[in-house]
Amino acid sequence: MDIESRGKLFIVGTGPGALAHITPAALDAINVSNIVVGFTTYVELIRKLLTGKEVITTSMTEEKKRVAIAIEKGIDGNVVSLVCGGDPGIYALAGLVLEMLSQYEGKGLEQLDVEVIAGVPALNSSASRLGAPLMHDFAAISLSDRLTPWELIEKRLSHAAEADFVICIYNPKSKGRKDHLARAINILMQYRAPKTPVGVVKGATRENESVVLTTLGSVPLDEVDMHTTLIVGNSNTYVYKGWMITPRGYRI
Ligand code: SAH
């Protein structure tokens, strides 16, 4: 193979949903790609950008297959964008791609360039809808126990709560995990008052966006779905005129 036939794999974050929130760098990567690979939902959100491109979609649980296709198409000399919602390095595929690359040593890996393109993650898009809840130290915790033991998730919830981090809860619900959010909230309530502000943001920037400001003691569990992020305030977080605010510490 000569240098002309080198392949390129962009691992692209497409942001929270609306095209207005995708970065110019992500747009450029998708533009120059002849193949776009992604989970069906995220591909549909950027469908307008994909005219004339080969589009390969896989279902949500087929991450390894999706990544293998993207790497192999890149090794074949294509320019490939593997698209992920939000940021590709936050509960997404950038890590899996980099972990799987070693399997392609001696099988064309030398011909492939890889680049990670950041996107606006759900914790940022959700925070912006709520006001300024992430002004002080925070932790992100995913309630998905598909790849992480539930005991470890519980441990992280209690330690983050005890340390008074603002807590962003990702993957709060799926078909197989209906009661995880209730269990998580019970753990947080051991350390934080029921009146602690909680922002519940569903589908940030998308057509069906919903933003609810509530408290830890009254989170509307039935309204939370797999496109929702919750932001639980720390002990200083408060609400003023509909804004969720975590003080940085300025004297005002
Ligand atoms: N890489 C993504 C996260 C993927 S995990 C990122 O950086 O944001 C999927 C979880 O992200 C969902 O269960 C939900 O908790 C959150 N999420 C993704 N898009 C969202 C959106 N538009 N609004 C609110 N939460 C979202």
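Atoms within a ligand are numbered from 1 in the order they appear, just like the ligands themselves. We use all heavy atoms of the structure for the numbers below, so side chains are in, but hydrogens, waters and symmetry mates are not. The structure presented is a predicted model; accordingly, all values stated were derived computationally and were not measured.
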- Does any N or O atom in L123 lie less than 3.5 angstrom from one in ligand 1, N or O only? no
- ligand 1 atoms in contact with T229 (distance to a heavy atom under 4.0 Å): 14 (C), 15 (O), 16 (C), 17 (N), 24 (C), 25 (N), 26 (C)
- Return yes or no for this condition: an N or O of P172 is under 3.5 Å from an N or O of ligand 1. no
- Given that the side chain starts at C-beta and the backbone is N, CA, C, O, which of these parts of T205 lies under 4.0 Å from ligand 1, counting heavy atoms, or is it both or neither? neither
- Side chain to side chain, M226 and N171, heavy atoms closer than 4.5 Å: no
- Query: Charged N to carboxylate O under 4.0 angstrom, K202 versus E223?
  - Reply: no
- Item | Protein heavy-atom partner closest to atom 19 (N) of ligand 1 - residue, atom, separation in Å | R206 NH2, 3.4 Å
- N or O pair under 3.5 Å between H227 and ligand 1: yes
- Note on the structure: re atom 11 (O) of ligand 1, the protein heavy-atom contact at minimum distance is Y170 CD2, 3.3 Å
- Task: Check for a donor-acceptor pair, side chain of T237 on one end and backbone N or O of T246 on the other, with a separation under 3.5 Å.
- Result: no
- Is a side-chain donor-acceptor pair under 3.5 Å present for D225 with T228? yes
- Note on the structure: Note: ligand 1 atoms sitting under 4.0 Å from heavy atoms of V201 are 24 (C)
- Task: Give the residue, atom name and distance (to 0.1 Å) of the protein heavy atom nearest atom 15 (O) of ligand 1.
- Result: T228 O, 2.7 Å
- Task: May I ask whether S125 places a heavy atom under 4.0 Å from ligand 1?
- Result: no
- Run the ring-ring contact (aromatic ring centres under 6.0 Å, His included) check on F138 and F165 step by step: do they pass? CA-CA 5 Å; F138 64 90; F165 283 106; 8.5 Å; no
- Item | ligand 1 atoms in contact with S126 (distance to a heavy atom under 4.0 Å) | 24 (C)
- Is there at least one pair of N or O atoms, one from I90 and one from ligand 1, spaced under 3.5 Å apart? yes
- Item | Residue among I169, T214, L143 satisfying side chain to side chain contact (heavy atoms under 4.5 Å, CB included) with L230 | I169
- Can you check whether A92 has an N/O within less than 3.5 Å of an N/O in ligand 1? no
- Walk me through it: do V37 and K73 pass the test side-chain contact (heavy atoms from CB on, under 4.5 Å)? CA-CA 10 Å; V37 183; K73 292 282 183 187; 5.5 Å; no
- Looking only at distances, please establish whether an N/O atom of ligand 1 is found under 3.5 Å from an N/O atom of A122. yes
- Query: Do we see a donor-acceptor contact under 3.5 Å between the side chains of N78 and N34?
  - Reply: yes
- Message: Tell me whether the count of non-hydrogen atoms from other residues, nucleotides or ligands lying under 6.0 Å of CZ in R248 goes above 12.
- Response: no
- Query: Quick one: nearest non-hydrogen protein atom to atom 9 (C) of ligand 1, plus distance?
  - Reply: N171 OD1, 3.5 Å
- Item | Atoms of ligand 1, numbered as shown, that sit under 4.0 Å from any heavy atom of Y91 | 4 (C), 5 (S)
- Item | Contact atoms of ligand 1, heavy-atom distance to D87 under 4.0 Å | 1 (N), 6 (C), 7 (O)
- Message: I'd like to know if the side chain of S59 pairs up with that of E62 as donor and acceptor (distance under 3.5 Å, no hydrogens or angles considered).
- Response: yes
- Task: Take K53 and I30, measure what side-chain contact (heavy atoms from CB on, under 4.5 Å) needs, and give me the verdict at the end.
- Result: CA-CA 9 Å; K53 300 182 190 300; I30 292 168; 4.2 Å; yes
- What is the closest protein heavy atom to atom 2 (C) of ligand 1, and at what distance does it sit? G85 O, 3.2 Å
- Item | Any donor-acceptor N or O pair under 3.5 Å, side chains S125, S128 | no
- salt_bridge(E63, R66) N-O dist < 4.0 Å: no
- Query: Where on C84 is there a heavy atom closer than 4.0 Å to ligand 1, on the side chain, on the backbone, on both, or on neither?
  - Reply: neither
- Would you mind listing which atoms of ligand 1 come within a distance below 4.0 Å of any non-hydrogen atom of M226? 12 (C), 13 (O), 14 (C)
- Message: Taking distance alone, with N or O pairs closer than 3.5 Å, would you say A204 contacts ligand 1?
- Response: yes
